[in-house]
Amino acid sequence: QVQLVESGGGSVQAGGSLRLSCAASGSPFSINAMGWHRQAPGKQREMVATITSGRNINYADSVKGRFTISRDNAKNTVYLQMNSLKPEDTAVYYCAVDRHLDRLVAGTPYSWGQGTQVTVSS
């Protein structure tokens, strides 16, 4: 099982910024797809952003232009820079990894992180 350690969540006012990090270790395979999902109270988990080892990037429409995903392949670490945060961005953010991008996008990745809370106040 891949170990995913997330950091960087917290509370911020609307318009502020946060940066999430997720370091992967112990993977039995070369990690191709890394990404972030989020789950707000009473809602289903949704994809936020994904990135492959070849830098193929996808964003949810709701975060395009405000969030930036990046990765350091040497460190098996993925980052999510979140700018212009809105109250509707409040959720638990989960890191995820898989060999295959489609599994990550579908929300059925090989491993999930433990989640980190992001709270945006108005």
Side-chain angles (χ1 to χ4, degrees):
Q1 187 75 314
V2 181
Q3 302 297 317
L4 299 175
V5 178
E6 301 160 348
S7 60
S11 297
V12 66
Q13 289 192 328
S17 299
L18 286 172
R19 188 190 194 216
L20 306 182
S21 299
C22 173
S25 62
S27 176
F29 55 83
S30 177
I31 297 175
N32 174 42
M34 306 184 81
W36 297 91
H37 285 64
R38 67 186 180 187
Q39 187 165 20
K43 294 188 177 181
Q44 288 190 331
R45 193 173 297 190
E46 63 175 359
M47 187 208 78
V48 176
T50 62
I51 183 170
T52 65
S53 57
R55 301 296 194 273
N56 179 13
I57 292 174
N58 288 290
Y59 294 104
D61 288 343
S62 59
V63 306
K64 283 181 181 176
R66 301 187 298 120
F67 290 11
T68 301
I69 190 170
S70 60
R71 66 187 283 174
D72 183 331
N73 288 336
K75 296 181 179 179
N76 267 343
T77 299
V78 63
Y79 307 95
L80 186 68
Q81 177 66 44
M82 304 184 293
N83 297 330
S84 302
L85 282 160
K86 304 175 181 180
E88 51 263 44
D89 294 317
T90 295
V92 178
Y93 283 70
Y94 296 91
C95 174
V97 300
D98 201 287
R99 276 181 178 173
H100 305 288
L101 178 61
D102 56 349
R103 292 178 188 169
L104 196 64
V105 172
T108 56
Y110 184 84
S111 287
W112 288 106
Q114 79 281 4
T116 185
Q117 178 70 45
V118 171
T119 302
V120 184
S121 58
S122 56

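Just so you know, residue 1 is the first one in the sequence shown, and it goes up from there.
- Between the side chain of T90 and the backbone N or O of V120 there is at least one donor-acceptor pair closer than 3.5 Å.
- At distances below 3.5 Å, at least one donor-acceptor pair connects side-chain atoms of D98 with backbone N or O atoms of Y110.
- Both L85 and V48 belong to a single network of hydrophobic side chains, linked directly or stepwise wherever heavy atoms of I, L, V, M, F, W or Y lie under 4.5 Å apart.
- Atom SG of residue C22 and atom CD of residue Q3 lie 11.0 Å apart, to the nearest 0.5 angstrom.
- Under a hydrophobic clustering in which Ile, Leu, Val, Met, Phe, Trp and Tyr are joined whenever their side-chain heavy atoms come within less than 4.5 Å, directly or via other members, I51 and F29 fall into the same cluster.
- In this structure, the separation between OG on S30 and CG on N76 is 7.5 Å, given to the nearest 0.5 Å.
- No continuous path of hydrophobic side-chain contacts links L80 to L101 [ILVMFWY only; heavy atoms under 4.5 Å].
- Between S11 and Q117 there is no side-chain heavy-atom pair separated by less than 4.5 Å.
- Between W112 and Y94, the ring planes are perpendicular. Angles over 60° get that label, and only those under 30° would be called parallel.
- Linking Ile, Leu, Val, Met, Phe, Trp and Tyr whenever their side-chain heavy atoms come within less than 4.5 Å leaves V118 and V5 in two separate clusters.
- The cationic atom of R19 (NZ for Lys, CZ for Arg) lies less than 6.0 Å from the six-membered ring centre of Y79 and within 45° of the ring axis.
- Hydrophobic clustering, with ILVMFWY side chains joined whenever heavy atoms are under 4.5 angstrom apart, keeps V92 apart from M82.
- Under a 4.0 Å N-O distance rule, the pair K64/D61 qualifies as a salt bridge.
- Judged by distance alone, the side chain of E6 and the main-chain N or O of G115 form a donor-acceptor pair under 3.5 Å.
- Partner of W36 under the side chain to side chain contact (heavy atoms under 4.5 Å, CB included) criterion, out of I69, V63, T50: I69 alone.
- With sequence neighbours left out, the side chain to side chain contact (heavy atoms under 4.5 Å, CB included) criterion links E46 to R38.
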